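In this text, all values refer to a predicted model and were calculated from it rather than measured experimentally. Here, residue 1 is the first one in the sequence, and each next residue gets the next number.
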Amino acid sequence: MELLIRTAEKSDYGAVHELLCCLHRLHVSARPDVFAEADPMTEEEYASLLENAGKFTIVAQEKEGGVAGFCSVTLRSPSERPELKKRTVAFVNDLCVMERLRNRGIGKRLLEEARNISRRKGAESMELTVWSFNRAAYRLYREMGMSERSIILEQRL
């Protein structure tokens with residue numbers, strides 16, 4: 001499959017929104033105690049995301065078709081906390097590929113391009129949060145060379 005990885009545009013909202021809704025349904029299904037049934041991103045929020053200089057969103061587009069996946073990243077400025085080293089971090093907010101197109105390398109291509117863009121923008125590392133129930137995503141990130149930096153533990157009361 002031939003793919004074009006490009007910067008997201010306002011006209012991509014419908015496809016990106018559909019992917020976000022799919023991702024959100026996964027989270028709601030796995031952790032209804034944490035995630036509420038809600039619209040994960042309005043069109044206005046999407047437009048604001050695209051205009052924010054500290055964020056970028058890229059899409060994978062099928063050569064003869066629509067958007068196959070997307071990745072959204074926030075460049076986090078160095079922390080003001082004195083006990084932490086000053087560094088810029090690229091934080092992957094969302095990465096999602098259409099279910100029918102998974103396991104074809106699209107997520108890898110998106111993450112590779114996000115990594116390249118982040119380096120060019122001065123990021124020293126890339127970070128993300130993956131929920132423990134999302135094993136496929138965890139495997140992808142490990143295959144891409146990411147490692148655990150911290151683990152959040154939880155006890156329901």
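Checking His27 against Asn134 by side-chain atom types alone, no donor-acceptor pair falls below 3.5 Å. Using modelled atom types, one finds no donor on one side chain facing an acceptor on the other under 3.5 Å when comparing Tyr13 with Glu45.
Salt bridge status for Glu154 with Arg31: present, with a side-chain N to carboxylate O gap under 4.0 Å. A salt bridge does not link Glu124 to Lys86: none of the charged nitrogens lies less than 4.0 Å from a carboxylate oxygen. Salt bridge status for Arg25 with Glu99: absent, with no side-chain N to carboxylate O gap under 4.0 Å.
Clustering ILVMFWY residues whenever any of their side-chain heavy atoms sit less than 4.5 angstrom apart, transitively, puts Val92 in the very cluster that holds Met41. A single hydrophobic cluster is seen to contain both Tyr138 and Leu140, as judged by linkage of ILVMFWY side chains at heavy-atom distances under 4.5 Å, directly or through other members.
Met144 approaches Arg115 most closely through the heavy-atom pair O-NH1, 3.1 Å. For the residue pair Ala8 and Val59, the shortest heavy atom distance occurs at CB-CG1, 3.9 Å. When every heavy atom of Ile106 is checked against every heavy atom of Ala60, the shortest pair comes out as CG2-CB, 3.7 Å. Of all non-hydrogen atoms in Gly69 and Leu110, the two that sit nearest each other are C-CD1, 3.7 Å. Of all the heavy atoms in Ala36 and Val28, the pair that sits closest is O-CG2, 3.6 Å. Between Val67 and Ala15, the shortest heavy-atom distance links the atoms CB-CB, 3.6 Å.
No more than 12 heavy-atom neighbours from other residues, nucleotides or ligands sit within 6.0 angstrom of CZ on Arg76. For CD of Gln155, the number of neighbouring non-hydrogen atoms (other residues, nucleotides, ligands) closer than 6.0 Å is 12 at most. For CG of Asn103, the number of neighbouring non-hydrogen atoms (other residues, nucleotides, ligands) closer than 6.0 Å is 12 at most.
For the atom pair CZ (Phe56) and OG (Ser72), the distance works out to 8.5 Å, reported to the nearest 0.5 Å. The line from CG of Leu153 to OG of Ser132 is 10.5 Å long, rounded to the nearest 0.5 Å. Separation of atoms OG (Ser125) and CZ (Arg149) is listed at 7.5 Å; rounding is to 0.5 Å. Between the CG atom in Leu95 and the CG atom in Leu128 there is a gap of 8.5 Å [rounded to 0.5 Å]. Taking OG1 of Thr7 as the start and CD1 of Ile117 as the end, the distance is 6.0 Å to the nearest 0.5 Å. Distance check: Arg109 CZ to Leu3 CG gives 5.0 Å after rounding to the nearest 0.5 Å.
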Using the side chain to side chain contact (heavy atoms under 4.5 Å, CB included) rule, take Met98 and Leu19 through it: C-alpha gap first, then chi angles, then the decisive distance, then the call. CA-CA 7 Å; Met98 290 180 65; Leu19 287 162; 3.7 Å; yes
Evaluate side chain to side chain contact (heavy atoms under 4.5 Å, CB included) for Lys108 paired with Glu143, printing each intermediate quantity in order. CA-CA 9 Å; Lys108 287 181 181 180; Glu143 287 172 11; 3.3 Å; yes
Could you go through Arg104 and Val97, starting from their C-alpha distance and side-chain angles, then the distance that decides it, and tell me whether this counts as side chain to side chain contact (heavy atoms under 4.5 Å, CB included)? CA-CA 10 Å; Arg104 298 184 187 189; Val97 174; over 6 Å; no
Start with the C-alpha distance between Glu62 and Leu101, add both sets of side-chain angles, then the distance that settles side chain to side chain contact (heavy atoms under 4.5 Å, CB included), and finish with yes or no. CA-CA 10 Å; Glu62 297 175 275; Leu101 298 174; 3.9 Å; yes
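Looking only at side-chain heavy atoms (C-beta outward), Asp39 and His24 stay at 4.5 Å or farther from each other. The closest side-chain heavy-atom distance from Arg142 to Glu148 is below 4.5 Å. Proximity of Leu4 to Lys63: side-chain heavy atoms (C-beta onward) are nowhere separated by under 4.5 Å. Here the side chains of Leu26 and Trp131 are not in contact, with every heavy-atom distance at 4.5 Å or above. Inter-residue side-chain proximity for Val16 and Glu9 is flagged as unmet; no heavy-atom pair is nearer than 4.5 Å. Residues Val130 and Met146 have side chains not in contact (no heavy-atom distance under 4.5 Å, counting atoms from C-beta outward). For the pair Leu50/Asp12, no side-chain contact is recorded, criterion being any heavy-atom separation below 4.5 Å from C-beta on.
The residue from Ile58, Leu23, Leu20 that alone fulfils the side chain to side chain contact (heavy atoms under 4.5 Å, CB included) condition with Phe70 is Leu20.
No side-chain donor-acceptor contact under 3.5 Å links Asn52 to the backbone of Leu49. Within the 3.5 Å criterion, the main-chain N or O of Glu44 finds no donor-acceptor partner in the side chain of Ser48.
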